[in-house]
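The block underneath contains the structure these notes are about, expressed in structure tokens.
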Amino acid sequence: MHATPQSTTADLDAAPRARRGRLTARSLTGEDPALRAAYRLCRRTTRQHDPAIYALIRLMPAVLRPAGWALWAAASVLDDLADQQDAGPAERAARVEAWTEALQRDLAAGTSTDPVRHALVDTALRWRLDLSGLQGAMTSARDDVHDRHFADWAAWRAWRNEGITPWVDQVRHLFEQVGAPMTLRLDRRGDYEQFLDGAQLTDLLTDLGSDLVQGLLLLPQEALDACPGAEDDLRQGRWSPATAALIGAMTDLARQWVTRPAMTRGMHPGAATVLNTAARLLRAQLDAVDAAGPALLKRAPRPSLVTRARVLSPARMRSRLAWSLTPLTVPGPRLPVVKASGPSPAGEDTALRPPPPHPGGARPPQIAADRMPSHVAVIMDGNGRWAEQRGLPRCEGHRAGTAAAHEMVYGALEIGLRHLTLYAFSTENWKRDTEEITVILEAIRRDLDEGPLRDLDVRQRWSGRPDKLPEELVQALLREERRTRARTGLTLTVCFNYGGRDEITRTAAALAQAARAGDIDPRLIGQDDFARHLPHPDMPDVDLLWRTGNEQRTSNFLPWQATYAELHFTPGHWPDADRRDLWQAITEYSRRQRRYGAATRGSTW
């Protein structure tokens, strides 16, 4: 996004409203002149590099603005290092790598001689930001020095998700910390993802000319092929009817993506103003791209001053009113610097540890790679009966079941499983006793707060509905998703308030909405189209479905993904299970012959 810089009196010395009294920047930064200068540099860098982002940060509570400048200045520095034309791709990649490695050392030291990193380290410690979530973004910045090629929108979207989303998530965390969360309804997360797609596509169209000079064409091949001849013309710097058709189609698509009014429903009015204003600025930028014509290949277009004023002036008034009526939580003292190794701000996750060994010293069996399942799904049944057999309240079984779930994660990591999905609470479980439900909810929330899996190489995800769940639990689940999204080991999906038929119904509704919007031809819908609209489209099919508790049914669990799953039922109750039971299930799976409907050699069927 781009806009002309606007003058402002709200700098580091502005006095943002706090819960009580006035909070000045000096009370945030103390008497450290170097730190105050570092934040001022970040402010100037943000304003010069991306004026629209600068304008949006001005709509945030004043106490958050220095943190916003530090985050976006760091992102800008990395972009500049990747784009410098005085060196080849290898040297530019090395510069990005050196900067991110220096950031890791600076975070461990709690300070930096580089002003942008100094401000970013202070922001991370002051606002309790987990910068390890930026792994994908910093890796993407390093790799962007090379020409990227995307076969389709799915590959392009994965690149966008890696490069820009982590930075936006850090800003969302800031809003949570200050007490005005940028809360997204779960059924609007698709709108949020498409909004980010639209923002990225708008930036690519705006910078098309400068990218082409560097030999970069970052649109997916799927889009280029829809306008024959446009790719060759663009690479040659020619404006042609094919080029005009491509640009027109892309601006229409981007405009559709950024127009998501439902995204901010129910959100704090101050946070909603930031996102709604971002959408208006993006649409103004797309209008400028449309109007540029052949000049688009020579310079980046800009909206007019009048257009920007029409967008920003009322937004500033709304944001000032919203924040003046909101009691904000100001940051406490900075976190102390811990000298022991911690998460790398570059995302290297140097603090990740191996799972604890089995108490009895058991080791996983050796399973041939071609016999290992990729995805094991578990129905954790028998918690209540386990407790009743011991004369305990049923709720005690759920507490014991949490330890068994940890054991499965440890065992999955040790044996090298890639995907583990646990059925923790179904949409039908609301029929149970209120006390039992409360204990289940509390156990999940306590587990998230205590974080026994926090330092493992586990990417955590949640599948289910937010309906009836406490808002703080929903936000805790989503926060773990964001925090661990760059982990590359085990993907752990917890199905909580989940129903398989409900998932299929919601997916069908998403398909119908896509067809209505013209994104898909309903006459050509196939299984792949359906799978792409599932809540977690990258979840592989279930290879092995295991149920404990001496029951032999699948209970509305992953009906789409488990169509061809091998079934494994065991009599023991879930709290008695440990990682050895998982290994036994995988061992049995490895002996089975999977045919997927085909006949074996010599079969008479």
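Just so we're clear, the structure is a prediction, and the values are computed from it rather than from any experiment. Residue indices begin at 1 and follow the sequence shown.
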Less than 4.5 Å apart, side chain to side chain, heavy atoms only: is that true for Val458 and Thr484?
no
Checking Asn497 side chain against Arg465 main chain: does a donor-acceptor pair fall under 3.5 Å?
yes
Backbone N/O of Pro575 and side chain of His573: donor-acceptor pair under 3.5 Å:
no
Non-hydrogen side-chain atoms of Glu193 and Arg157 separated by less than 4.5 Å
no
Side-chain H-bond candidate by donor/acceptor type, Asp502 with Thr505, under 3.5 Å
no
Could you tell me whether the side chain of His533 and the main chain of Asp529 form a donor-acceptor pair under 3.5 Å?
yes
Pair Arg128-Gln177, side-chain donor/acceptor within less than 3.5 Å
no
Is there side-chain contact between Arg547 and Gln552, with heavy atoms separated by less than 4.5 Å?
no
Drop me the distance from Asn550's CG to Asp381's CG, to the nearest 0.5 angstrom.
9.5 Å
Is there a side-chain contact between His419 and Leu490 in this structure, where contact means two heavy atoms from C-beta onward sitting under 4.5 Å apart?
no
Checking Thr326 against His268: is there a side-chain donor and acceptor pair closer than 3.5 Å?
yes
Taking Arg580 for the side chain and Pro364 for the main chain, is one N or O donor matched with an acceptor at less than 3.5 Å?
no
Could you report the tightest heavy-atom contact between Gly411 and Arg579, atom names first, then the distance?
CA-CB, 3.6 Å
If you measure from CZ on Phe569 to CD on Glu551, what distance do you get to the nearest 0.5 Å?
10.0 Å
Over all heavy atoms of both residues, which pair between Met380 and Ala424 is shortest? Give the atoms and the distance, please.
CE-CA, 3.7 Å
Report yes or no: is the cationic atom of Arg172 (NZ for Lys, CZ for Arg) under 6.0 Å from the centre of the six-membered ring of Tyr192, at an angle within 45° of the ring normal?
yes
Spacing of Arg385 atom CZ and Arg394 atom CZ [to the nearest 0.5 Å]:
8.0 Å
Between Glu396 and Arg399, does at least one N-O distance fall below 4.0 Å, as a salt bridge requires?
yes
Any chance CD of Glu388 has more than 12 other-residue heavy atoms, nucleotides or ligands included, within less than 6.0 Å?
yes
Interatomic spacing from CG in Leu492 to CE in Met408 - rounded to 0.5 Å
12.0 Å
With a 4.5 Å cut-off on side-chain heavy atoms, are Asp447 and Pro452 touching?
yes
Could you check whether any side-chain heavy atom of Leu545 comes within less than 4.5 Å of a side-chain heavy atom of Leu558, counting everything from C-beta outward?
no
Taking all non-hydrogen atoms of both residues into account, name the closest pair between Ala180 and Ala271 and its distance.
O-CB, 4.3 Å
Check: Trp127 and Gln170 side chains under 4.5 Å, non-hydrogen atoms:
no
Run the numbers on Arg363 and Glu414 for salt bridge (Lys or Arg N to Asp or Glu O under 4.0 Å), then give the verdict.
CA-CA 8 Å; Arg363 297 295 303 157; Glu414 286 187 314; 3.2 Å; yes
Below 30° counts as parallel, above 60° as perpendicular, anything between as tilted: where do the rings of Trp323 and Phe175 land?
tilted
I'd like to know if the side chain of Asp455 and the backbone of Leu352 have a donor-acceptor N/O pair within less than 3.5 Å.
no
Return the set of residues passing side chain to side chain donor-acceptor pair (under 3.5 Å) with Asp541 (not counting sequence neighbours), or none when no residue passes.
none
Gap between atom OG1 of Thr587 and atom CD1 of Ile415 - 0.5 Å precision
6.0 Å
Minimum heavy-atom separation for Ile504 to Pro559, with atom names?
CD1-CG, 3.8 Å
Using 30° and 60° as the class limits, which term best fits the ring planes of His406 and Tyr410: parallel, tilted or perpendicular?
tilted
Which heavy atom of Thr402 sits nearest to which heavy atom of Ala443, and what is that distance?
OG1-CB, 4.1 Å
Step-by-step side chain to side chain donor-acceptor pair (under 3.5 Å) determination, Thr273 to Asn276:
CA-CA 5 Å; Thr273 296; Asn276 290 332; 5.9 Å; no
Which pairs with one or both residues in residues 424-454 pass ring pair (Phe, Tyr, Trp, His ring centres under 6.0 Å), sequence neighbours excluded?
Phe425-Trp430, Phe425-Phe496
Regarding Arg501 and Thr427, do their side chains bring together a donor and an acceptor under 3.5 Å, going by distance alone?
no
Could you go through Trp153 and Trp257, starting from their C-alpha distance and side-chain angles, then the distance that decides it, and tell me whether this counts as ring pair (Phe, Tyr, Trp, His ring centres under 6.0 Å)?
CA-CA 13 Å; Trp153 284 110; Trp257 282 345; 5.3 Å; yes
With the threshold set at 4.0 Å, does a side-chain nitrogen-carboxylate oxygen contact exist between Asp538 and Arg532?
no
List in chain and number order the residues that pass side chain to side chain donor-acceptor pair (under 3.5 Å) with Trp546, two or more places apart in sequence or in another chain; answer none if no residue qualifies.
Thr570
Quick one: does Tyr423's side chain have a donor or acceptor within less than 3.5 Å of a partner on Ser555's backbone?
yes
Decide if the gap between the ring center of Tyr498 and the ring center of Trp462 is smaller than 6.0 angstrom.
no
When you check the gap from the basic side-chain N to the acidic O, do Asp457 and Arg418 get nearer than 4.0 Å?
no
Evaluate the side-chain proximity of Phe557 to Thr421: yes if any heavy-atom separation is below 4.5 Å, no if none is.
yes
Answer yes when Arg446 and Glu442 have at least one side-chain N-carboxylate O distance shorter than 4.0 Å, and no when they do not.
no
Atom CD of Glu407 and atom CG of Asp576: how far apart are they, to the nearest 0.5 Å?
12.0 Å
The single option from Arg487, Arg483, Glu481, Arg482 that satisfies side-chain contact (heavy atoms from CB on, under 4.5 Å) with Gln460 is Arg483
Taking every heavy atom of Ala199 against every heavy atom of Val258, the minimum-distance pair comes out as N-CG1, 3.8 Å
Using modelled atom types and a 3.5 Å cut-off, is there a donor and acceptor pairing between side-chain atoms of Trp574 and backbone atoms of Gly401?
yes
Salt bridge or not for Arg479 and Glu176, using N-O below 4.0 Å?
yes
